[in-house]
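One structure below.
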Amino acid sequence: MSEETVSPKGKEYLSGWTPWRIKRYWFYGLVTVAALVIPWIRIEGNHLFLLSFDKLKLHLMFIQFDMQELYLMPFLLMILFIGIFGITVLGGRVFCGWMCPQTIFRVVYRDLIETKLLGLRKRIKNKQQEPDYSKPENKIKRVVALLIWTGLAFIAAADLMWYFVPPEDFLTYIQNPMEHTVLMGAIIIIVLFLVYDVIFLQENFCIYVCPYSRIQSVLYDEDTVMAIYNPNRGGEIYNENKEKLFTKQKDLLAVNSHAECTTCESCVTVCPTHIDIRKGLQLECINCLECVDACTEVMGKLGKPTLVEWSSEKETLFQKGKTHYLRPKIIGYAAILIIVSVILAMMGSKKEYMLLNINKENRLYSITTNNEGKTQVDNAYTFLLQNTLNEDHDYYFDVIAPAGMEGKIKIAEPEKPFKVKPGVVKKKVVVLYTDELLVNDDRKDTVIPITIKAYAVDAKDKVVVIRHSTFTFPRADMLK
Ligand code: SF4
Ligand code: SF4
(Lines give C-alpha, C1' and ligand atoms only; values in the text may rest on other atoms or scores of the structure.)
(Ligands and ions follow the chains in the order given, each with its own letter.)
Protein backbone atom coordinates (compact mmCIF):
# COMPACT_ATOMS: atom_id res chain seq x y z
CA MET A 1 0.00 0.00 0.00
CA SER A 2 1.55 3.30 -1.05
CA GLU A 3 1.68 6.43 1.11
CA GLU A 4 -0.96 8.13 -1.06
CA THR A 5 -3.53 5.40 -0.45
CA VAL A 6 -3.30 5.81 3.32
CA SER A 7 -6.61 7.17 4.57
CA PRO A 8 -6.66 10.27 6.81
CA LYS A 9 -7.81 7.96 9.61
CA GLY A 10 -4.84 5.71 8.86
CA LYS A 11 -2.41 8.64 8.94
CA GLU A 12 -3.87 9.71 12.27
CA TYR A 13 -3.63 6.15 13.53
CA LEU A 14 0.04 5.82 12.64
CA SER A 15 1.13 9.31 13.65
CA GLY A 16 3.58 9.14 16.55
CA TRP A 17 3.81 5.35 16.27
CA THR A 18 7.28 3.91 17.03
CA PRO A 19 7.81 0.33 15.84
CA TRP A 20 8.93 -2.25 18.41
CA ARG A 21 11.90 -2.85 16.09
CA ILE A 22 13.28 0.63 16.80
CA LYS A 23 12.73 0.18 20.54
CA ARG A 24 14.49 -3.18 20.28
CA TYR A 25 17.49 -1.60 18.55
CA TRP A 26 17.83 0.89 21.40
CA PHE A 27 17.61 -1.93 23.92
CA TYR A 28 20.20 -3.96 21.98
CA GLY A 29 22.47 -0.91 22.15
CA LEU A 30 22.06 -0.72 25.91
CA VAL A 31 22.67 -4.46 26.39
CA THR A 32 25.76 -4.34 24.15
CA VAL A 33 27.25 -1.32 25.92
CA ALA A 34 26.56 -2.96 29.31
CA ALA A 35 28.17 -6.25 28.19
CA LEU A 36 31.27 -4.39 26.95
CA VAL A 37 31.62 -2.02 29.90
CA ILE A 38 30.80 -4.24 32.92
CA PRO A 39 34.11 -6.22 32.83
CA TRP A 40 36.05 -2.94 33.04
CA ILE A 41 34.27 -1.52 36.07
CA ARG A 42 36.53 -1.85 39.12
CA ILE A 43 36.75 -0.43 42.59
CA GLU A 44 40.03 -0.92 44.46
CA GLY A 45 41.00 -3.63 42.00
CA ASN A 46 37.75 -5.58 42.46
CA HIS A 47 35.37 -6.08 39.52
CA LEU A 48 31.61 -5.82 39.38
CA PHE A 49 31.59 -9.41 38.08
CA LEU A 50 34.52 -11.65 37.26
CA LEU A 51 34.96 -15.41 37.56
CA SER A 52 38.70 -15.57 37.23
CA PHE A 53 39.90 -19.07 36.44
CA ASP A 54 43.60 -18.27 36.37
CA LYS A 55 43.51 -16.50 39.76
CA LEU A 56 40.75 -18.74 41.16
CA LYS A 57 38.68 -15.77 42.34
CA LEU A 58 35.07 -14.66 42.09
CA HIS A 59 34.51 -10.90 42.05
CA LEU A 60 30.93 -9.91 42.78
CA MET A 61 29.67 -6.38 43.47
CA PHE A 62 33.28 -5.24 43.96
CA ILE A 63 33.98 -7.88 46.62
CA GLN A 64 36.56 -10.55 45.95
CA PHE A 65 35.82 -14.13 46.96
CA ASP A 66 38.21 -17.03 47.05
CA MET A 67 37.45 -20.36 45.41
CA GLN A 68 36.89 -21.71 48.94
CA GLU A 69 34.04 -19.20 49.13
CA LEU A 70 32.28 -20.29 45.94
CA TYR A 71 29.24 -21.28 47.97
CA LEU A 72 27.85 -18.02 46.53
CA MET A 73 27.81 -19.39 42.96
CA PRO A 74 24.71 -21.60 43.40
CA PHE A 75 22.81 -18.53 44.62
CA LEU A 76 23.91 -16.57 41.56
CA LEU A 77 22.82 -19.41 39.27
CA MET A 78 19.49 -19.65 41.11
CA ILE A 79 18.89 -15.93 40.56
CA LEU A 80 19.76 -16.34 36.87
CA PHE A 81 17.47 -19.32 36.28
CA ILE A 82 14.57 -18.16 38.46
CA GLY A 83 14.81 -14.74 36.77
CA ILE A 84 14.66 -16.27 33.29
CA PHE A 85 11.82 -18.64 34.25
CA GLY A 86 9.86 -15.73 35.79
CA ILE A 87 10.40 -13.56 32.72
CA THR A 88 9.24 -16.44 30.50
CA VAL A 89 6.02 -16.92 32.47
CA LEU A 90 5.41 -13.19 32.22
CA GLY A 91 6.54 -12.43 28.67
CA GLY A 92 7.24 -15.70 26.81
CA ARG A 93 10.50 -15.75 24.88
CA VAL A 94 11.01 -12.05 25.45
CA PHE A 95 14.60 -12.74 26.56
CA CYS A 96 15.24 -14.32 23.12
CA GLY A 97 13.89 -11.39 21.15
CA TRP A 98 15.23 -8.57 23.28
CA MET A 99 18.41 -9.63 25.06
CA CYS A 100 19.85 -12.84 23.68
CA PRO A 101 23.26 -12.32 22.04
CA GLN A 102 22.24 -14.77 19.29
CA THR A 103 19.35 -12.51 18.23
CA ILE A 104 21.44 -9.35 18.55
CA PHE A 105 24.23 -10.89 16.46
CA ARG A 106 21.75 -11.98 13.79
CA VAL A 107 20.22 -8.49 13.63
CA VAL A 108 23.71 -6.98 13.29
CA TYR A 109 24.71 -9.44 10.57
CA ARG A 110 21.47 -9.77 8.59
CA ASP A 111 19.85 -6.36 9.00
CA LEU A 112 22.87 -4.09 9.43
CA ILE A 113 25.71 -5.71 7.46
CA GLU A 114 23.88 -7.72 4.77
CA THR A 115 20.92 -5.40 4.24
CA LYS A 116 21.83 -1.81 5.15
CA LEU A 117 25.59 -1.82 4.60
CA LEU A 118 26.08 -4.11 1.61
CA GLY A 119 22.60 -4.28 0.06
CA LEU A 120 22.78 -8.07 -0.23
CA ARG A 121 19.20 -8.27 1.00
CA LYS A 122 16.59 -5.88 -0.32
CA ARG A 123 14.63 -4.97 2.80
CA ILE A 124 14.76 -5.52 6.55
CA LYS A 125 11.06 -6.25 6.30
CA ASN A 126 11.64 -9.25 4.05
CA LYS A 127 13.65 -11.87 5.85
CA GLN A 128 12.49 -14.77 3.70
CA GLN A 129 14.29 -13.77 0.53
CA GLU A 130 17.89 -14.97 0.69
CA PRO A 131 20.57 -12.99 -1.17
CA ASP A 132 21.15 -14.05 -4.77
CA TYR A 133 24.66 -15.46 -4.65
CA SER A 134 24.68 -16.36 -8.35
CA LYS A 135 25.61 -12.73 -9.05
CA PRO A 136 29.42 -12.23 -8.95
CA GLU A 137 29.15 -8.91 -7.04
CA ASN A 138 27.10 -10.63 -4.34
CA LYS A 139 29.80 -13.28 -3.95
CA ILE A 140 32.30 -10.52 -3.23
CA LYS A 141 29.87 -8.83 -0.86
CA ARG A 142 29.41 -12.10 0.97
CA VAL A 143 33.15 -12.36 1.56
CA VAL A 144 33.16 -8.73 2.79
CA ALA A 145 30.23 -9.51 5.12
CA LEU A 146 32.08 -12.56 6.43
CA LEU A 147 35.23 -10.53 7.09
CA ILE A 148 33.30 -7.75 8.87
CA TRP A 149 31.46 -10.28 11.00
CA THR A 150 34.68 -12.17 11.79
CA GLY A 151 36.16 -8.90 13.10
CA LEU A 152 33.09 -8.30 15.27
CA ALA A 153 33.18 -11.92 16.42
CA PHE A 154 36.71 -11.34 17.76
CA ILE A 155 35.40 -8.40 19.82
CA ALA A 156 32.48 -10.53 21.07
CA ALA A 157 34.85 -13.41 21.96
CA ALA A 158 37.21 -11.05 23.78
CA ASP A 159 34.27 -9.51 25.63
CA LEU A 160 33.11 -12.96 26.75
CA MET A 161 36.62 -13.84 27.96
CA TRP A 162 36.77 -10.60 30.01
CA TYR A 163 34.24 -12.16 32.37
CA PHE A 164 36.74 -14.97 33.08
CA VAL A 165 40.11 -13.27 32.58
CA PRO A 166 40.48 -9.72 33.98
CA PRO A 167 40.55 -7.38 30.95
CA GLU A 168 43.71 -5.69 32.25
CA ASP A 169 45.50 -9.08 32.25
CA PHE A 170 43.86 -10.06 28.94
CA LEU A 171 45.53 -7.14 27.15
CA THR A 172 48.91 -8.25 28.52
CA TYR A 173 48.33 -11.92 27.69
CA ILE A 174 47.44 -11.33 24.03
CA GLN A 175 50.79 -9.61 23.52
CA ASN A 176 52.42 -13.00 24.23
CA PRO A 177 50.00 -15.40 22.55
CA MET A 178 52.42 -18.35 22.62
CA GLU A 179 52.53 -18.20 26.42
CA HIS A 180 48.75 -18.16 26.66
CA THR A 181 47.71 -20.83 24.20
CA VAL A 182 44.62 -21.90 26.20
CA LEU A 183 43.23 -18.36 26.12
CA MET A 184 44.07 -17.96 22.42
CA GLY A 185 42.56 -21.36 21.63
CA ALA A 186 39.36 -20.43 23.48
CA ILE A 187 39.07 -17.16 21.53
CA ILE A 188 39.62 -18.88 18.18
CA ILE A 189 37.03 -21.58 18.99
CA ILE A 190 34.47 -18.93 20.03
CA VAL A 191 35.13 -16.89 16.87
CA LEU A 192 34.78 -19.97 14.63
CA PHE A 193 31.54 -20.89 16.39
CA LEU A 194 30.14 -17.37 16.05
CA VAL A 195 30.97 -17.26 12.34
CA TYR A 196 29.33 -20.65 11.74
CA ASP A 197 26.38 -19.88 13.99
CA VAL A 198 25.53 -16.38 12.79
CA ILE A 199 26.26 -16.80 9.08
CA PHE A 200 25.30 -20.41 8.44
CA LEU A 201 23.21 -21.83 11.31
CA GLN A 202 21.22 -18.61 11.69
CA GLU A 203 17.84 -18.86 13.49
CA ASN A 204 18.06 -22.67 13.33
CA PHE A 205 20.09 -22.27 16.51
CA CYS A 206 17.02 -20.78 18.26
CA ILE A 207 14.71 -23.44 16.84
CA TYR A 208 16.74 -26.65 17.10
CA VAL A 209 19.79 -26.09 19.34
CA CYS A 210 18.88 -23.74 22.17
CA PRO A 211 17.56 -25.75 25.15
CA TYR A 212 15.60 -22.74 26.36
CA SER A 213 13.09 -23.11 23.50
CA ARG A 214 12.34 -26.66 24.74
CA ILE A 215 11.54 -25.70 28.34
CA GLN A 216 9.68 -22.47 27.69
CA SER A 217 6.46 -24.11 26.46
CA VAL A 218 5.87 -25.73 29.85
CA LEU A 219 6.21 -22.35 31.54
CA TYR A 220 3.54 -20.55 29.51
CA ASP A 221 0.02 -19.97 30.80
CA GLU A 222 -2.89 -18.14 29.22
CA ASP A 223 -1.75 -14.82 30.73
CA THR A 224 1.75 -15.05 29.23
CA VAL A 225 2.31 -12.03 26.99
CA MET A 226 3.60 -12.72 23.48
CA ALA A 227 2.95 -11.98 19.81
CA ILE A 228 -0.56 -13.29 19.10
CA TYR A 229 -2.69 -13.13 15.99
CA ASN A 230 -6.30 -12.26 16.68
CA PRO A 231 -8.42 -14.72 14.67
CA ASN A 232 -11.60 -13.25 16.13
CA ARG A 233 -10.98 -10.11 14.10
CA GLY A 234 -8.66 -11.33 11.36
CA GLY A 235 -10.38 -14.65 10.62
CA GLU A 236 -9.06 -18.22 10.86
CA ILE A 237 -6.33 -18.62 8.23
CA TYR A 238 -5.36 -22.17 9.27
CA ASN A 239 -7.54 -25.15 10.17
CA GLU A 240 -7.13 -27.33 13.29
CA ASN A 241 -4.53 -29.46 11.50
CA LYS A 242 -2.46 -26.32 10.88
CA GLU A 243 -3.18 -26.48 7.15
CA LYS A 244 -3.42 -23.15 5.39
CA LEU A 245 -6.94 -22.39 4.17
CA PHE A 246 -6.56 -19.01 2.50
CA THR A 247 -3.92 -17.16 0.56
CA LYS A 248 -6.28 -14.59 -0.99
CA GLN A 249 -8.46 -12.08 0.84
CA LYS A 250 -11.45 -12.68 -1.43
CA ASP A 251 -11.47 -16.40 -0.53
CA LEU A 252 -11.30 -15.53 3.15
CA LEU A 253 -14.09 -12.97 2.86
CA ALA A 254 -16.22 -15.49 0.96
CA VAL A 255 -16.20 -17.68 4.06
CA ASN A 256 -16.07 -14.95 6.71
CA SER A 257 -17.30 -11.56 5.55
CA HIS A 258 -16.08 -9.86 8.76
CA ALA A 259 -12.50 -11.15 8.50
CA GLU A 260 -10.09 -8.21 8.53
CA CYS A 261 -6.83 -9.96 7.55
CA THR A 262 -5.76 -8.65 4.15
CA THR A 263 -3.67 -11.83 3.58
CA CYS A 264 -0.79 -9.50 2.67
CA GLU A 265 1.58 -11.79 4.59
CA SER A 266 3.70 -8.86 5.76
CA CYS A 267 3.75 -10.56 9.18
CA VAL A 268 5.15 -13.70 7.56
CA THR A 269 7.82 -12.17 5.33
CA VAL A 270 9.24 -10.14 8.22
CA CYS A 271 9.58 -13.09 10.60
CA PRO A 272 13.23 -14.03 11.30
CA THR A 273 12.30 -17.56 12.34
CA HIS A 274 10.22 -18.09 9.19
CA ILE A 275 6.90 -18.85 10.83
CA ASP A 276 3.36 -17.65 10.22
CA ILE A 277 2.05 -16.24 13.49
CA ARG A 278 -1.52 -16.70 12.20
CA LYS A 279 -1.02 -20.45 12.77
CA GLY A 280 -1.09 -19.85 16.54
CA LEU A 281 1.50 -20.23 19.30
CA GLN A 282 4.72 -21.78 18.00
CA LEU A 283 7.91 -22.72 19.79
CA GLU A 284 9.95 -20.99 17.10
CA CYS A 285 8.57 -17.54 17.96
CA ILE A 286 11.24 -15.48 19.73
CA ASN A 287 8.89 -12.62 20.63
CA CYS A 288 10.76 -10.07 18.53
CA LEU A 289 7.44 -8.41 17.66
CA GLU A 290 8.46 -7.74 14.04
CA CYS A 291 5.12 -9.22 12.96
CA VAL A 292 3.31 -6.84 15.32
CA ASP A 293 5.08 -3.92 13.64
CA ALA A 294 4.29 -5.28 10.17
CA CYS A 295 0.59 -5.68 10.85
CA THR A 296 0.38 -2.39 12.76
CA GLU A 297 1.61 -0.68 9.60
CA VAL A 298 -0.71 -2.59 7.26
CA MET A 299 -3.84 -2.25 9.37
CA GLY A 300 -2.86 1.22 10.61
CA LYS A 301 -2.96 2.51 7.04
CA LEU A 302 -6.56 1.32 6.98
CA GLY A 303 -7.19 3.15 10.23
CA LYS A 304 -7.55 -0.09 12.20
CA PRO A 305 -5.63 -1.64 15.09
CA THR A 306 -3.13 -4.41 14.40
CA LEU A 307 -4.33 -7.99 14.11
CA VAL A 308 -1.07 -9.26 15.63
CA GLU A 309 -0.83 -7.97 19.16
CA TRP A 310 1.65 -8.18 21.99
CA SER A 311 -0.89 -9.63 24.31
CA SER A 312 -1.97 -12.81 26.10
CA GLU A 313 -4.05 -15.72 24.83
CA LYS A 314 -6.57 -14.91 27.55
CA GLU A 315 -7.07 -11.35 26.29
CA THR A 316 -6.75 -11.76 22.52
CA LEU A 317 -7.63 -15.37 21.76
CA PHE A 318 -10.10 -16.41 24.43
CA GLN A 319 -11.36 -12.87 25.09
CA LYS A 320 -11.71 -13.61 28.79
CA GLY A 321 -10.78 -10.12 30.00
CA LYS A 322 -7.57 -8.25 30.68
CA THR A 323 -4.21 -9.96 31.09
CA HIS A 324 -3.52 -10.79 34.72
CA TYR A 325 0.08 -9.75 35.39
CA LEU A 326 0.28 -10.04 39.18
CA ARG A 327 -0.79 -13.68 39.33
CA PRO A 328 0.31 -16.23 41.98
CA LYS A 329 3.03 -17.76 39.74
CA ILE A 330 4.65 -14.37 39.11
CA ILE A 331 4.39 -13.35 42.76
CA GLY A 332 5.95 -16.73 43.69
CA TYR A 333 8.90 -16.20 41.32
CA ALA A 334 9.36 -12.62 42.57
CA ALA A 335 9.24 -13.79 46.21
CA ILE A 336 11.84 -16.53 45.60
CA LEU A 337 14.05 -14.06 43.74
CA ILE A 338 13.88 -11.57 46.61
CA ILE A 339 14.58 -14.27 49.22
CA VAL A 340 17.58 -15.68 47.31
CA SER A 341 18.91 -12.16 46.65
CA VAL A 342 18.63 -11.25 50.35
CA ILE A 343 20.43 -14.48 51.34
CA LEU A 344 23.14 -13.74 48.78
CA ALA A 345 23.52 -10.16 50.05
CA MET A 346 23.70 -11.36 53.66
CA MET A 347 26.26 -14.04 52.88
CA GLY A 348 28.25 -11.60 50.76
CA SER A 349 28.26 -9.01 53.53
CA LYS A 350 29.75 -11.58 55.92
CA LYS A 351 32.68 -11.93 53.61
CA GLU A 352 35.98 -12.38 55.42
CA TYR A 353 39.00 -10.67 53.90
CA MET A 354 41.38 -13.30 55.21
CA LEU A 355 41.05 -17.02 55.65
CA LEU A 356 42.23 -18.67 58.86
CA ASN A 357 42.28 -22.29 59.96
CA ILE A 358 43.55 -23.12 63.42
CA ASN A 359 44.81 -26.62 64.20
CA LYS A 360 45.81 -27.53 67.73
CA GLU A 361 48.94 -29.65 67.91
CA ASN A 362 48.63 -33.24 69.09
CA ARG A 363 50.65 -32.69 72.21
CA LEU A 364 48.18 -31.08 74.60
CA TYR A 365 50.60 -28.89 76.51
CA SER A 366 54.12 -28.55 77.80
CA ILE A 367 55.12 -27.40 81.29
CA THR A 368 58.29 -25.42 81.93
CA THR A 369 59.71 -22.97 84.44
CA ASN A 370 60.19 -19.49 83.02
CA ASN A 371 62.90 -16.88 83.66
CA GLU A 372 60.94 -15.49 86.57
CA GLY A 373 60.88 -18.91 88.19
CA LYS A 374 57.16 -19.38 87.58
CA THR A 375 55.55 -22.55 86.21
CA GLN A 376 54.52 -21.93 82.62
CA VAL A 377 52.00 -23.94 80.57
CA ASP A 378 52.36 -23.78 76.78
CA ASN A 379 49.81 -24.86 74.14
CA ALA A 380 50.94 -25.01 70.51
CA TYR A 381 48.85 -24.45 67.37
CA THR A 382 49.32 -24.23 63.62
CA PHE A 383 47.66 -21.25 61.96
CA LEU A 384 46.99 -21.50 58.21
CA LEU A 385 46.35 -17.93 57.13
CA GLN A 386 45.54 -16.71 53.64
CA ASN A 387 45.62 -13.09 52.52
CA THR A 388 42.69 -12.87 50.05
CA LEU A 389 43.27 -9.18 49.27
CA ASN A 390 45.31 -7.63 46.48
CA GLU A 391 48.10 -6.15 48.60
CA ASP A 392 50.57 -7.25 51.34
CA HIS A 393 49.35 -7.04 54.93
CA ASP A 394 50.89 -7.54 58.38
CA TYR A 395 48.80 -9.89 60.51
CA TYR A 396 48.57 -10.48 64.23
CA PHE A 397 45.94 -11.67 66.68
CA ASP A 398 44.52 -11.32 70.17
CA VAL A 399 43.59 -14.12 72.55
CA ILE A 400 40.32 -13.67 74.36
CA ALA A 401 40.02 -15.91 77.42
CA PRO A 402 36.74 -16.62 79.22
CA ALA A 403 35.45 -14.39 82.01
CA GLY A 404 37.66 -14.52 85.10
CA MET A 405 40.75 -15.44 83.02
CA GLU A 406 41.02 -12.24 80.97
CA GLY A 407 44.61 -11.44 80.04
CA LYS A 408 45.96 -14.62 81.65
CA ILE A 409 46.51 -16.54 78.39
CA LYS A 410 49.22 -14.78 76.40
CA ILE A 411 51.09 -15.11 73.12
CA ALA A 412 54.58 -16.63 73.26
CA GLU A 413 55.03 -17.00 69.49
CA PRO A 414 55.00 -15.13 67.18
CA GLU A 415 56.20 -12.16 69.15
CA LYS A 416 55.27 -9.58 66.51
CA PRO A 417 53.07 -9.22 63.41
CA PHE A 418 54.07 -11.19 60.31
CA LYS A 419 53.67 -10.28 56.65
CA VAL A 420 51.56 -12.32 54.19
CA LYS A 421 51.54 -11.65 50.45
CA PRO A 422 48.28 -11.59 48.43
CA GLY A 423 46.91 -15.04 47.61
CA VAL A 424 49.59 -16.78 49.70
CA VAL A 425 48.65 -19.35 52.37
CA LYS A 426 51.06 -18.90 55.28
CA LYS A 427 51.67 -21.64 57.85
CA LYS A 428 52.53 -20.17 61.24
CA VAL A 429 53.36 -22.00 64.46
CA VAL A 430 51.67 -20.22 67.35
CA VAL A 431 52.39 -20.84 71.03
CA LEU A 432 50.08 -19.57 73.77
CA TYR A 433 51.10 -19.70 77.41
CA THR A 434 50.00 -18.91 80.89
CA ASP A 435 52.08 -18.60 84.05
CA GLU A 436 49.06 -18.35 86.29
CA LEU A 437 46.97 -20.99 88.00
CA LEU A 438 43.91 -20.89 85.76
CA VAL A 439 42.18 -23.93 87.25
CA ASN A 440 42.94 -26.04 90.31
CA ASP A 441 41.56 -29.47 89.48
CA ASP A 442 43.21 -32.56 91.02
CA ARG A 443 41.40 -35.10 88.83
CA LYS A 444 41.68 -34.02 85.19
CA ASP A 445 43.05 -31.54 82.68
CA THR A 446 40.74 -28.62 81.93
CA VAL A 447 39.86 -27.59 78.40
CA ILE A 448 39.33 -23.82 78.38
CA PRO A 449 37.46 -22.31 75.42
CA ILE A 450 39.31 -19.35 73.93
CA THR A 451 38.58 -16.95 71.08
CA ILE A 452 41.22 -15.87 68.59
CA LYS A 453 40.67 -12.50 66.99
CA ALA A 454 43.04 -12.30 64.02
CA TYR A 455 43.43 -9.12 61.97
CA ALA A 456 45.54 -7.17 59.52
CA VAL A 457 47.39 -4.66 61.68
CA ASP A 458 47.08 -1.94 59.01
CA ALA A 459 43.39 -2.59 58.25
CA LYS A 460 42.07 -3.65 61.61
CA ASP A 461 38.52 -2.49 60.99
CA LYS A 462 38.03 -4.34 57.72
CA VAL A 463 40.30 -7.38 57.82
CA VAL A 464 39.39 -9.25 60.95
CA VAL A 465 38.20 -12.81 61.62
CA ILE A 466 37.08 -14.54 64.77
CA ARG A 467 37.90 -18.20 65.42
CA HIS A 468 37.26 -20.44 68.41
CA SER A 469 39.73 -22.90 69.86
CA THR A 470 40.76 -24.32 73.25
CA PHE A 471 43.62 -24.00 75.70
CA THR A 472 44.35 -27.12 77.76
CA PHE A 473 45.39 -26.55 81.35
CA PRO A 474 46.92 -29.53 83.23
CA ARG A 475 45.50 -31.13 86.37
CA ALA A 476 46.98 -29.85 89.60
CA ASP A 477 49.44 -32.69 90.34
CA MET A 478 51.14 -32.15 86.94
CA LEU A 479 52.15 -28.67 88.03
CA LYS A 480 53.99 -29.76 91.18
S1 SF4 B 1 0.22 -8.47 8.38
FE2 SF4 B 1 -1.81 -8.44 9.33
S3 SF4 B 1 -3.17 -8.21 7.61
FE4 SF4 B 1 -1.22 -8.86 6.74
S5 SF4 B 1 -1.39 -11.09 6.67
FE6 SF4 B 1 -0.45 -10.58 8.60
S7 SF4 B 1 -2.19 -10.53 10.02
FE8 SF4 B 1 -3.04 -10.38 7.97
S1 SF4 C 1 6.17 -14.70 14.86
FE2 SF4 C 1 8.16 -14.26 14.04
S3 SF4 C 1 8.17 -12.04 13.76
FE4 SF4 C 1 6.46 -12.51 15.13
S5 SF4 C 1 7.33 -12.27 17.18
FE6 SF4 C 1 7.50 -14.43 16.62
S7 SF4 C 1 9.55 -14.59 15.76
FE8 SF4 C 1 9.06 -12.42 15.77
Side-chain angles (χ1 to χ4, degrees), residues 1 5-6 10 13-14 17 19-25 27-28 88 91-100 102-104 106-107 110-111 123-129 202-208 210 212-213 216-217 220 224-238 242 244-253 255-256 258-313 316-317:
M1 196 178 292
T5 58
V6 181
Y13 193 87
L14 289 173
W17 168 62
W20 288 110
R21 182 166 57 85
I22 303 301
K23 292 175 188 161
R24 261 179 36 243
Y25 289 169
F27 200 73
Y28 290 169
T88 309
R93 272 180 98 169
V94 71
F95 171 82
C96 304
W98 288 68
M99 283 184 81
C100 179
Q102 166 77 17
T103 306
I104 299 177
R106 279 293 297 154
V107 167
R110 182 196 54 226
D111 296 347
R123 297 186 312 140
I124 287 178
K125 288 177 184 170
N126 188 349
K127 297 184 177 47
Q128 313 312 319
Q129 196 179 351
Q202 305 177 352
E203 275 72 22
N204 288 329
F205 182 89
C206 313
I207 299 167
Y208 302 112
C210 179
Y212 178 46
S213 72
Q216 38 130 7
S217 57
Y220 286 175
T224 300
V225 176
M226 57 193 131
I228 294 180
Y229 169 70
N230 187 344
N232 303 304
R233 280 183 48 222
E236 297 283 0
I237 306 297
Y238 285 81
K242 306 291 178 197
K244 200 170 189 176
L245 300 173
F246 308 105
T247 51
K248 294 195 174 103
Q249 191 179 20
K250 67 174 174 40
D251 297 335
L252 173 64
L253 288 173
V255 174
N256 177 355
H258 298 295
E260 293 177 47
C261 179
T262 64
T263 64
C264 67
E265 306 225 331
S266 296
C267 56
V268 183
T269 50
V270 80
C271 178
T273 59
H274 316 297
I275 59 172
D276 186 341
I277 193 67
R278 298 171 302 170
K279 209 189 265 187
L281 173 63
Q282 290 152 85
L283 283 186
E284 294 87 343
C285 175
I286 57 169
N287 239 340
C288 66
L289 308 183
E290 296 255 10
C291 52
V292 179
D293 286 343
C295 195
T296 302
E297 204 172 334
V298 172
M299 296 305 288
K301 285 175 182 171
L302 302 172
K304 293 180 183 178
T306 175
L307 295 172
V308 189
E309 303 165 19
W310 195 26
S311 176
S312 66
E313 287 186 312
T316 299
L317 217 54

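Whatever order the structure lists ligands and atoms in, that order sets their numbers, starting from 1.
Set against the non-hydrogen atoms of C267, the atoms of ligand 1 under 4.0 Å away are 1 (S), 5 (S), 6 (Fe), 7 (S). Within the listing of ligand 2, atoms 5 (S) sit less than 4.0 angstrom from a heavy atom of A227. Close approach of ligand 2 to I277 is summarised as follows: ligand atoms under 4.0 Å from at least one heavy atom of the residue are 1 (S). Of all atoms in ligand 1, listed by their number and element, those nearer than 4.0 Å to a heavy atom of Y229 are 7 (S). Set against the non-hydrogen atoms of T262, the atoms of ligand 1 under 4.0 Å away are 3 (S), 4 (Fe), 8 (Fe). If you number the atoms of ligand 1 from 1 as listed, the ones under 4.0 Å from a heavy atom of E265 come out as 4 (Fe), 5 (S).
At a heavy-atom cutoff of 4.0 Å, ligand 1 is contacted by no atom of E260, backbone or side chain. Under 4.0 Å from ligand 2, the heavy atoms of P272 that appear belong solely to its side chain. Both the backbone and the side chain of I286 come within 4.0 Å of ligand 2, judged by heavy-atom distances.
Remark: minimum distance from atom 8 (Fe) of ligand 2 to any protein heavy atom is reached at C288 SG, 2.3 Å. In terms of protein heavy-atom proximity, atom 5 (S) of ligand 2 is nearest to L289 N, 3.3 Å. What sits closest to atom 6 (Fe) of ligand 2 on the protein, heavy atoms only, is C285 SG, 2.4 Å. Among protein heavy atoms, the minimum distance from atom 4 (Fe) of ligand 1 is reached at C264 SG, 2.3 Å.
Atom CG of residue N204 and atom CD of residue E284 lie 10.0 Å apart, to the nearest 0.5 angstrom.
Ring pair W20/W98 is perpendicular by interplanar angle, where above 60° counts as perpendicular and below 30° as parallel.
Remark: E236 does not engage K279 in a salt bridge, criterion side-chain N to carboxylate O under 4.0 Å. For the pair E290 and K125, the salt-bridge criterion is not met [side-chain N within less than 4.0 Å of a carboxylate O]. A salt bridge between R278 and E265 is present, with a side-chain N of the basic residue lying under 4.0 Å from a carboxylate O of the acidic one.
Remark: the backbone N or O of A227 is paired with a side-chain donor or acceptor of N287 at under 3.5 angstrom.
In the candidate list C271, C291, C96, C295, C271 is nearest to atom 2 (Fe) of ligand 2, counting heavy atoms.
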Which is it for W310 and V225 under the side-chain contact (heavy atoms from CB on, under 4.5 Å) test, yes or no, and what are the steps along the way?
CA-CA 6 Å; W310 195 26; V225 176; 3.5 Å; yes
Test E309 against T316 for side chain to side chain donor-acceptor pair (under 3.5 Å), laying out the working first.
CA-CA 8 Å; E309 303 165 19; T316 299; 2.9 Å; yes
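Remark: Y208 OH is loosely packed, at most 12 non-hydrogen atoms of other residues, nucleotides or ligands lying under 6.0 Å away.
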